[in-house]
*Asks:* 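Here it is, the structure in full.
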There are 2 protein chains.
Amino acid sequence: MFELDMRSRKPIYEQLVDKMKELIMNEVLKPDEQVPSVRTLATELTINPNTIQKAYRELETQGFIYSIKGKGSFVNPNHKIRDSEKIKTIKQELEKLILEALFIGISVNELIQTIQELDSAKGGGDEND
Amino acid sequence: MFELDMRSRKPIYEQLVDKMKELIMNEVLKPDEQVPSVRTLATELTINPNTIQKAYRELETQGFIYSIKGKGSFVNPNHKIRDSEKIKTIKQELEKLILEALFIGISVNELIQTIQELDSAKGGGDEND
DNA sequence: TAAGTGTACTATGATTCATAATACAGTTGT
DNA sequence: ACAACTGTATTATGAATCATAGTACACTTA
């Protein structure tokens, strides 16, 4: 289910958070679907349960999953809450990266095209605003 | 010249790299302009010279400055080299962030507008592509 | 030569990462 | 009630990273 790079300088739990977010955003993991248990995933990936728990805690903080003691952890269906703090953070990071992209010579059109491709690839379920 | 957050979990040298990149990309620091010396900046910021050196080494690796032994460190004027490795990396990071932005409900138009604002804010010196 | 520059190396303490080993609390099915 | 599964919490240990300190060397400039 996951591929981890043990030699990477990026912590394992962060890699896990990123992979899981990807799967959720691409709807490979559906809303309210149960994700592997801490111990199961730890066994599968041959890493420590505490590392999984750390990743899951982070995913819960970021609003991607919710956990119920004794039952398991599940994909959070309540996105689009427009958590203003989170939006602010993402926008800041995004601006930093866009600035750098423009700086090294990536064109505006190239960026816009990338956005549109990613948007149409993702369901296209709602076109609000 | 810089404001550092000593309590942040982000390493000081990384904060320095980011700030410096910003100043260079916003052309506050002009091409071939000399940046503060390792020891000078260390004294100003009350941090260790080795930390500055680490930041400068990283900035040199990323192509933002070049250093000459005995003379100093200077802003690299050779951007737009379209270093394919770097472009690839930035594009990957960008796609990850854009995906997340779309996911939490930021609209395509909002993203495009952000790009255009950043582009016109930056000089507008060349409109190639 | 003196004072400035970048660069390199070793060493130390604080912090983080990943691990190990337990323990407790809640749910489910028998 | 019991066994087996879930999430959660705690303490401890070793490895790695971060920031510091101190020292040294090479080069440039006045």
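Order of the sequence lines fixes the chain letters, A, B, ..., with proteins taken first and strands second; residue numbering starts at 1 for each chain. Remember, it's a predicted structure, so these values are computed and weren't measured experimentally.
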*Asks:* Roughly how far apart are B/N76 CG and B/I24 CD1, rounded to 0.5 Å?
*Replies:* 8.5 Å
*Asks:* Without decimals, in angstroms, what is the distance between B/K10 NZ and D/dT17 P?
*Replies:* 18 Å
*Asks:* Rounded to whole Å, please give me the gap between OH in A/Y66 and P in D/dT8.
*Replies:* 13 Å
*Asks:* Heavy atoms from C-beta onward define the side chain here; which of C/dT5, D/dC18, C/dC17 lies closest to that of B/S37?
*Replies:* C/dT5
*Asks:* Rounded to the nearest Å, what distance is computed from the CD atom of residue A/E58 to the C1' atom of nucleotide C/dA18?
*Replies:* 16 Å
*Asks:* Quick check for you: among C/dA18, D/dG7, C/dG6, whose closest atom lies nearest to any side-chain atom of A/P11?
*Replies:* C/dA18
*Asks:* Between D/dC18, C/dA8, C/dC24, which nucleotide has the shortest distance from any of its atoms to the side chain of B/N50?
*Replies:* C/dA8
*Asks:* Establish whether the base of C/dG6 is bridged to the side chain of B/R39 by a donor-acceptor pair shorter than 3.5 Å.
*Replies:* yes
*Asks:* Starting from C1' on D/dA16, measure out to CZ on A/R7 and report it in whole angstrom.
*Replies:* 17 Å
*Asks:* Which value, rounded to the nearest 0.5 Å, describes the distance between A/E110 atom CD and B/I115 atom CD1?
*Replies:* 10.5 Å
*Asks:* Does a nitrogen or oxygen in the side chain of B/T51 sit under 4.0 Å from OP1 or OP2 of D/dA19?
*Replies:* no
*Asks:* Closest nucleotide of DNA chain C for B/T40 versus for A/T46: which of these residues is on the 5' side?
*Replies:* B/T40
*Asks:* Is A/K71 near enough to D/dC5 that one of its side-chain N or O atoms lies under 4.0 angstrom from OP1 or OP2?
*Replies:* no
*Asks:* From CG of B/N48 over to P of C/dA14, roughly how many Å is that when rounded to an integer?
*Replies:* 16 Å
*Asks:* Rounded to the Å, how far apart are B/K54 NZ and C/dA8 P?
*Replies:* 14 Å
*Asks:* So, is A/S67 close to the D/dG7 phosphate, meaning a side-chain N or O under 4.0 Å from OP1 or OP2?
*Replies:* no
*Asks:* Does this structure show an ion pair linking A/D5 with A/K10, if we count only N-O contacts that are shorter than 4.0 Å?
*Replies:* no
*Asks:* Please determine whether residues A/L4 and A/Y56 belong to a single hydrophobic cluster, defined as Ile, Leu, Val, Met, Phe, Trp and Tyr linked transitively by side-chain heavy-atom distances below 4.5 Å.
*Replies:* yes
*Asks:* Consider side-chain contact (heavy atoms from CB on, under 4.5 Å). Of B/L59, B/L29, B/I65, which one does B/K21 pass it with?
*Replies:* B/L59
*Asks:* Pick the nucleotide of DNA chain D nearest each of B/I68 and B/I12; which residue has the one closer to the 5' end?
*Replies:* B/I12
*Asks:* For B/E14, answer base if it contacts any base atom (sugar-phosphate contacts may also be present), sugar-phosphate if it contacts only those atoms, and nothing otherwise; contact means non-hydrogen atoms under 4.0 Å.
*Replies:* nothing
*Asks:* Rounding to an integer number of Å, can you tell me how far A/L45 CG sits from C/dT19 P?
*Replies:* 10 Å
*Asks:* Looking at C/dA8, D/dT8, D/dA19, which one has an atom nearest to any side-chain atom of B/Q53?
*Replies:* C/dA8
*Asks:* Are B/Y13 and D/dA19 close enough that a side-chain N or O sits under 4.0 Å from OP1 or OP2?
*Replies:* no
*Asks:* I need the A/K91 NZ to A/L94 CG distance, nearest 0.5 Å.
*Replies:* 9.5 Å
*Asks:* At under 4.0 Å between heavy atoms, what does A/R9 touch on the DNA or RNA strands: base, sugar-phosphate, or nothing?
*Replies:* nothing
*Asks:* What's the CZ-C1' distance between B/F74 and D/dT28, to the nearest Å?
*Replies:* 10 Å
